[in-house]
Each structure stands twice: as structure tokens, then as C-alpha cells.
Amino acid sequence: MKVVYLTEPGTMEITEEEIPEVRKGCALVRIEYNGICGSDVHFYKDGRVGDCVLHGPFVLGHEVSGTVTEVGEGVTELKAGDRVALEPGYACGKCEFCKSGRYNLCPDVKFFAAPPVRGALQEYVVHPVDMCFKLPDNVSTMEGALVEPLAVGLHAASLGEVSLGQSVVILGAGCIGLVTLLAAKARGAANIVVADLHEKRLEYARQMGATHTVNAGGGDAPAKINEILEGGPDVVFETAGSPVTIAQTAHIVRRGGTIVLVGMSAQSEINYNFFQVMEKEAVIKCVFRYRNLYPKAIAAISGGSINVKQIVTHTFTLEEAGKAFETVVEDAQNVVKGIIKM
């Protein structure tokens with residue numbers, strides 16, 4: 001099978017390896033689509049995400065779907081030919097976080113492309129069947145690869161407790177910003193303001209239901225937002241992972257409101273005005289992936305309540321993996337979501 005390695009920041013290399021052998025309780029899946037995530041881009045550009053640093057060649061990719069080709073001993077839930085979306089993390093199942101349903105916080109979680117666990121930017125992977133979710137007939141495998149980022153947006157909106165009639169600000173109109181927009185809209189948010197540096201991304205935000213957009217490249221974004229939502233929003237989501245926008249959340253949120261930090265910055269420490277947060281008695285919540293949301297995300301796509309495929313703007317082949325990452329980095333103003341067709 002073909003495997004794509006990040007050999008050093010900015011350099012991808014395709015190699016050939018043996019197809020892995022299926023294990024007990026697992027399925028061998030032929031990967032069909034692989035989404036390019038912001039964390040993948042951080043690794044590609046900087047060789048790190050926060051405190052997580054690469055020290056050698058590494059396989060990226062965790063937004064994946066495909067078709068089961070073989071199942072291991074004891075597997076009855078799936079069979080060869082089933083199309084599945086793969087939830088990329090699997091936990092120990094024994095710790096307090098797993099037992100309480102918050103398995104995304106398991107200290108022993110294994111997650112695609114989170115070192116030292118290799119990612120799924122390869123033609124086949126072996127994965128536990130309880131993290132392989134069968135896709136309905138009306139959901140494509142391309143949409144299946146987008147279940148992962150959609151789950152992030154659903155988790156963010158849930159943590160922010162977005163409810164009917166509320167006002168929301170989303171900083172960043174990349175993939176995660178837009179799926180957060182879709183999730184907030186589905187939960188009944190009335191006023192949704194999206195800010196970004198790139199006009200094409202803002203155009204997508206408007207098409208997907210943003211009531212207002214702000215081009216942050218033209219000056220003081222918090223002041224512009226305050227003109228639209230006097231007093232600030234009920235909930236502000238930071239999805240860009242930028243030190244600038246993370247710092248802005250304290251100035252944007254309304255008194256008594258909620259800040260949800262979704263985007264991960266390449267750097268670990270960021271200056272932040274906590275006086276603003278304390279004076280407003282605002283709440284800060286943080287998103288770390290998601291939990292128990294793949295079935296809901298798939299059902300939302302299948303039922304038509306969320307159209308996730310509209311976020312895909314660029315498609316590449318496996319052989320174009322290097323070009324794909326270069327394009328996502330160099331043409332950020334035009335790329336909303338890049339996806340690799342394996």
C-alpha cells in the first residue's frame with residue numbers, strides 16, 4: 001500500500017509498505033477520503049502543535065472514511081463491503097473518564113496522527129470496530145470523512161450551550177469555524193457573526209447561514225463586532241487557533257457570556273487579558289476533540305439537517321498529497337476545506 005510521510009516540515013514523501021494484518025476485534029479498512037485538518041497543517045508547517053513536537057518522519061491524517069475489506073476474529077458488527085467513517089481515537093475503557101463517558105479525556109487515548117500514534121494518510125488502516133461507524137446509503141464516503149470535523153463543531157456548540165434565539169460570534173471561517181456555524185444554526189442561534197481575514201471564506205459563511213460577517217483584515221474586529229452586537233454575544237467561539245483571535249475573545253464576549261476555545265495554536269503560551277473575563281464573570285470552556293457524537297453527526301447528515309459537503313473547496317489525489325498541503329498553506333484565502341481522495 002502507499003503511505004504518505006511528512007519527512008520534515010514542508011516535505012511529504014510517498015512510500016510503499018505492507019498492508020497491515022487485521023487484529024481481533026478490528027476491521028481492515030481501505031481508506032477512500034482523508035480530510036486535511038488544521039492540526040495536520042500545524043505539523044506540516046511548524047513540526048508541532050502546542051507541546052506536541054515531531055522528532056522524525058510521521059504519517060498525518062485523521063479525518064477518514066472508507067470501505068471494510070476484512071474483519072478480525074470476533075467481529076459481527078461489520079462485514080467486508082460496509083462503508084464506514086472512522087472515529088480516529090480509541091481509549092482504554094477503564095479509567096474514570098472512560099467510565100463517565102468523557103473518553104476524549106482518557107490519558108491513554110490512542111488517536112490517529114497524535115504522536116506517537118501514526119495517522120491514516122495511507123491506503124489501508126486497521127481500526128477497532130467500535131470506532132468504525134457504518135454509513136447509511138445516502139451518505140457518501142466523502143461526507144463520511146467530514147463527520148470528524150463536524151463532531152468538533154457539534155461538541156463546541158454543545159459545550160457553549162447554544163440555544164434558541166442566542167447570539168454567537170465565530171472567529172475563523174475555516175472548516176472548523178464553518179461546522180461550528182452549522183452546529184450553532186441547528187441549535188437555534190438567531191444572530192451568528194463570523195469573522196475572518198479572507199473574503200472568500202466569509203462568502204461561504206454567508207451562504208451557510210451567517211447573519212453578519214466581519215473582515216478582520218481591515219482593522220479592529222472586536223469593535224466591528226460590537227457595532228453589530230452591542231454588548232457582545234452570548235457565546236464566542238475561537239476556531240482559528242491564532243494567538244490574536246484567542247486574545248480577542250476576552251474583549252468580545254458579553255457580560256455573563258461564554259467563551260469556547262476550539263482552535264489549537266501552534267504555540268503553547270499566549271498572552272490573555274483575564275481581567276476582562278473576570279470583570280464580565282464570563283465562562284471559558286475548552287474543546288478537546290469530541291465524544292459520543294459520531295452517530296448524531298452521521299444522522300444529521302443523513303437526515304438533511306446539516307449539509308457538510310458544502311465546505312469542501314479543493315480535492316486532491318493521494319499522489320498530490322504534497323501539493324495538497326502546500327496549497328492549503330499557501331492559498332489559505334481560497335481553501336476552505338481540502339480533502340484527499342485516496
Side-chain angles (χ1 to χ4, degrees), residues 1-6 15 17-37 39-40 43 58-95 97-98 101 103-136 139-152 155 288-299 301 318 321 339-342:
M1 67 174 181
K2 293 176 181 176
V3 182
V4 182
Y5 278 91
L6 175 67
T15 64
E17 295 182 7
E18 292 294 320
I19 295 174
E21 293 186 6
V22 68
R23 303 187 302 273
K24 181 179 180 179
C26 295
L28 178 66
V29 180
R30 184 181 71 248
I31 301 299
E32 295 181 16
Y33 285 94
N34 213 309
I36 300 174
C37 176
S39 62
D40 292 326
F43 280 130
F58 191 64
V59 180
L60 300 174
H62 61 266
E63 301 176 359
V64 288
S65 67
T67 300
V68 175
T69 60
E70 185 181 351
V71 296
E73 180 186 345
V75 174
T76 58
E77 305 95 316
L78 294 173
K79 64 182 184 305
D82 285 342
R83 298 175 312 112
V84 291
L86 275 58
E87 183 168 340
Y90 48 98
C92 74
K94 300 177 181 179
C95 69
F97 302 105
C98 287
Y103 62 84
N104 59 317
L105 303 181
C106 171
D108 295 320
V109 67
K110 306 291 190 298
F111 196 93
F112 284 150
V117 181
R118 69 188 279 166
L121 194 47
Q122 55 190 49
E123 290 185 300
Y124 291 86
V125 299
V126 172
H127 204 56
V129 292
D130 60 341
M131 290 298 170
C132 298
F133 293 87
K134 192 172 178 180
L135 297 173
V139 177
S140 68
T141 47
M142 184 186 79
E143 291 170 302
L146 299 172
V147 170
E148 201 277 344
L150 177 57
V152 175
H155 188 42
F288 186 63
R289 299 169 183 160
Y290 39 78
R291 52 180 176 263
N292 306 308
L293 282 169
Y294 260 56
K296 290 182 180 179
I298 292 170
I301 296 170
L318 183 150
I339 196 164
I340 296 172
K341 186 176 181 180
M342 306 294 285

Looking only at atom types and distance, does a side-chain atom of [X] sit under 3.5 Å from a main-chain N or O of [Y], one as donor and one as acceptor?
{"X": "E87", "Y": "G89", "value": "no"}
{"X": "Y290", "Y": "P149", "value": "no"}
{"X": "N34", "Y": "A120", "value": "yes"}

Please walk me through it: do D40 and E63 pass side-chain contact (heavy atoms from CB on, under 4.5 Å)? CA-CA 10 Å; D40 292 326; E63 301 176 359; 5.8 Å; no
N/O donor-acceptor pairs under 3.5 Å from side chains in residues 19-28, not counting sequence neighbours:
none

Compare all side-chain heavy atoms of R289 with those of H155 and state whether any distance is below 4.5 angstrom.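 Result no, sub-4.5 Å side-chain heavy-atom pair not found.
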Under 4.5 Å between any side-chain heavy atoms of V68 and C132, yes or no?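 Counting from C-beta outward, V68 and C132 never come under 4.5 Å.
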Output all residues satisfying side-chain hydrogen bond (donor to acceptor under 3.5 Å, both in side chains) with K79, sequence neighbours left out; order by chain, then residue number.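 Residues passing side-chain hydrogen bond (donor to acceptor under 3.5 Å, both in side chains) with K79: D82.
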Separation of [Y] [atom2] from [X] [atom1] (nearest 0.5 Å):
{"X": "Y124", "Y": "T69", "atom1": "OH", "atom2": "OG1", "answer": "5.5 Å"}
{"X": "I301", "Y": "S140", "atom1": "CD1", "atom2": "OG", "answer": "8.5 Å"}
{"X": "R30", "Y": "M342", "atom1": "CZ", "atom2": "CE", "answer": "11.5 Å"}

Smallest separation among heavy atoms of [X] and [Y], with atom names:
{"X": "G101", "Y": "N292", "value": "O-ND2, 3.0 Å"}
{"X": "P88", "Y": "Y294", "value": "CD-OH, 3.5 Å"}
{"X": "G119", "Y": "Q122", "value": "O-OE1, 3.9 Å"}
{"X": "M131", "Y": "Y103", "value": "CE-CE1, 4.2 Å"}
{"X": "P107", "Y": "C95", "value": "CD-SG, 4.0 Å"}
{"X": "I339", "Y": "A145", "value": "CD1-CB, 4.1 Å"}

So, using ring-ring contact (aromatic ring centres under 6.0 Å, His included) as the criterion, who are the partners of F112 when residues are at least two apart?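 Per chain and number, F112 pairs via ring-ring contact (aromatic ring centres under 6.0 Å, His included) with H127.
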Which residues satisfy the side chain to side chain contact (heavy atoms under 4.5 Å, CB included) test with T141, sequence neighbours excluded?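 Result, side chain to side chain contact (heavy atoms under 4.5 Å, CB included) vs T141: E32, Y33, S65, R83, L135.
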Determine which pairs satisfy salt bridge (charged side-chain N to carboxylate O under 4.0 Å, His left out) with at least one residue from residues 116-131, sequence neighbours left out, and list them in order.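 Salt bridge (charged side-chain N to carboxylate O under 4.0 Å, His left out) check on residues 116-131 returns E17-R118.
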Tell me which pairs pass salt bridge (charged side-chain N to carboxylate O under 4.0 Å, His left out) where either residue lies in residues 139-149, with sequence neighbours left out.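 Matches after skipping sequence neighbours: none remain.
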With L121, the side-chain contact (heavy atoms from CB on, under 4.5 Å) member among V59, V64, I36: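 Exactly one pass, corresponding to V59.
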